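Take a look at the structure set out below.
Keep in mind it's a predicted model, so treat the numbers as computed, not measured.
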Amino acid sequence: MKTKFYIYIALILVVSGCKTVVNLPKHNEKKSPLTIMLDSIQKAEPAFKNASVKMNVSLNYNNRSFSSAAQCKIIRDSAIFISMQPVMGLELFKMEITPEKILIFDKFNLNYYETDFSFVQSKLGVGMNLDNLHALISNLYFTLVNKDSVSSAWRISDKNTIVCQNALLKQETMVDNTYRIGSVTVEYPAKTRKLTVLYSEFGQAGNILFPYLIKLEATQPGNLLKADFKCSKISFPETLELTPTSVSQYSKQDIKKLLSK
């Protein structure tokens, strides 16, 4: 079912990131190589408040493929709206994500589904919020491992890779010689789950350097998802208005039933 493709990719994206605030040392303290590298990555990250991205999304879920034009609009710390337009620019599917809830609209069948990040966490087992998703799709540094946790271990590997891990997972973030993130890999050995995100084809969008191609692959027992996000136009407007869709013309459906199909 095509709608399930959309939901699956959105949920995978949501759980993929957990942005961690790194406490930098005081001026009179000597910075460690790890802190210097994290600071350099942060300085190289795309910095914006609002974004509007036109793209083509190609999905392959367990050897079933689908491709669609799409538009993603972001207001940082506020909302992410994703519109899928597979037929001549006609919007057939829309996802509206805010800190409080996730609304999914199937415009063809006039159905909508409502959930929140706690439901996604209960299904997939990791922490998440709106900032997590923003970090992943914006080429920002994120980690699922709390740096201050006693059980965690952080280190630099091969001079250009940050490795952080605990008893549950291992995450590797690789950067290039300008400290831009090129890839992220998260593995959960006990659950045989793995997520890989690759960023490439960096180009100028206004005065911001941004990856025009994001490739994602997520595996877990019995499931394989591959997704390519090929950007065609990116802008960072000073102001951006997102109008929530009224649910009055839609029939509410149980998202648990949708995800079980």
Side-chain angles (χ1 to χ4, degrees), residues 1-20 57-68 70 72 80 82 84 93 95 97 102 104 106 113 115-146 149 151-153 161-174 181-200 213-229 253-261:
M1 181 178 180
K2 291 179 179 178
T3 303
K4 185 179 179 181
F5 283 15
Y6 299 138
I7 308 306
Y8 191 88
I9 179 61
L11 294 181
I12 288 294
L13 285 175
V14 168
V15 305
S16 301
C18 185
K19 195 175 182 182
T20 295
V57 180
S58 298
L59 305 176
N60 186 302
Y61 177 59
N62 291 341
N63 295 318
R64 292 183 293 169
S65 299
F66 184 75
S67 181
S68 173
C72 179
I80 297 175
I82 302 171
M84 304 294 288
F93 168 85
M95 176 174 285
I97 306 169
I102 301 170
I104 301 159
D106 176 0
Y113 306 84
T115 186
D116 57 26
F117 289 101
S118 63
F119 172 77
V120 180
Q121 180 174 346
S122 71
K123 287 294 183 182
L124 300 176
V126 294
M128 65 211 69
N129 55 35
L130 184 66
D131 286 342
N132 305 341
L133 178 56
H134 176 264
L136 182 67
I137 64 178
S138 301
N139 196 225
L140 304 179
Y141 184 78
F142 67 89
T143 178
L144 295 174
V145 179
N146 186 344
S149 172
S151 64
S152 69
T161 303
I162 293 179
V163 180
C164 48
Q165 64 186 103
N166 56 25
L168 299 177
L169 64 90
K170 176 180 179 182
Q171 179 170 334
E172 296 183 335
T173 303
M174 186 182 70
I181 299 172
S183 68
V184 178
T185 301
V186 181
E187 295 184 80
Y188 300 79
K191 297 181 179 180
T192 61
R193 286 171 42 208
K194 182 176 181 180
L195 172 75
T196 301
V197 186
L198 304 176
Y199 305 93
S200 62
L213 179 62
I214 301 175
K215 300 174 73 71
L216 179 148
E217 181 173 310
T219 58
Q220 56 182 318
N223 291 301
L224 170 62
L225 171 70
K226 294 182 179 180
D228 290 357
F229 304 89
Q253 304 294 327
D254 187 351
I255 193 169
K256 294 181 180 179
K257 182 178 180 180
L258 172 65
L259 297 177
S260 67
K261 293 180 180 180

*CD of Glu187 to OG1 of Thr196: how many Å apart, nearest 0.5 Å?*
7.5 Å
*asked:* Between Asn60 and Ser65, is there a side-chain donor-acceptor contact under 3.5 Å, judged purely by atom types and distance?
replied: yes
*Spatial distance of atom CD (Gln165) from atom CD (Gln171) [nearest 0.5 Å]*: 11.0 Å
_With a 3.5 Å distance limit and no angle check, can you tell me whether Asn139 reaches the backbone of Ile181 through a side-chain donor-acceptor pair?_
yes
*Quick one: closest heavy-atom pair of Tyr188 and Leu169, and the distance?*
CE2-CD2, 3.6 Å
*Looking at CG of Leu216 and CD1 of Ile214, how far apart are the two atoms once the value is rounded to the nearest 0.5 Å?*
9.0 Å
*Can you find a pair of side-chain heavy atoms, one from Ile97 and one from Phe117, that are under 4.5 Å apart?*
yes
*For the residue pair Leu59 and Ala227, what are the closest heavy atoms and their distance?*
CD2-CB, 3.6 Å
*Would you indicate whether the side-chain heavy atoms of Val184 and Leu195 approach each other to under 4.5 Å?*
no
_Leu213 side, atom CG; Tyr199 side, atom OH - distance, nearest 0.5 Å_ = 11.5 Å
*So, do Phe229 and Ile137 sit near enough that their side-chain heavy atoms are less than 4.5 Å apart?*
no
*asked:* side chain to side chain contact (heavy atoms under 4.5 Å, CB included) for Phe142 and Asp131? Distances and angles first, verdict last.
replied: CA-CA 10 Å; Phe142 67 89; Asp131 286 342; over 6 Å; no
_Shortest non-hydrogen contact between Asn166 and Ser152, atoms and distance_ = CB-CA, 4.3 Å
*Any luck finding a side-chain donor-acceptor pair between Asp106 and Tyr113 under 3.5 Å?*
no
*Considering all heavy atoms of both residues, which atom of Thr173 and which atom of Tyr141 are nearest to each other, and what is their separation?*
OG1-CE1, 3.6 Å
*side chain to side chain contact (heavy atoms under 4.5 Å, CB included) between Ile80 and Cys72, intermediate numbers included*: CA-CA 7 Å; Ile80 297 175; Cys72 179; 3.9 Å; yes
*Donor-acceptor contact below 3.5 Å, side chain Ser138 vs main chain Leu140*: no
*Answer yes or no: is there an ion pair linking Lys215 with Glu217, defined by an N-O contact shorter than 4.0 Å?*
no
_With heavy-atom distances below 4.5 Å as the criterion, would you say the side chains of Phe66 and Val57 are in contact?_
no
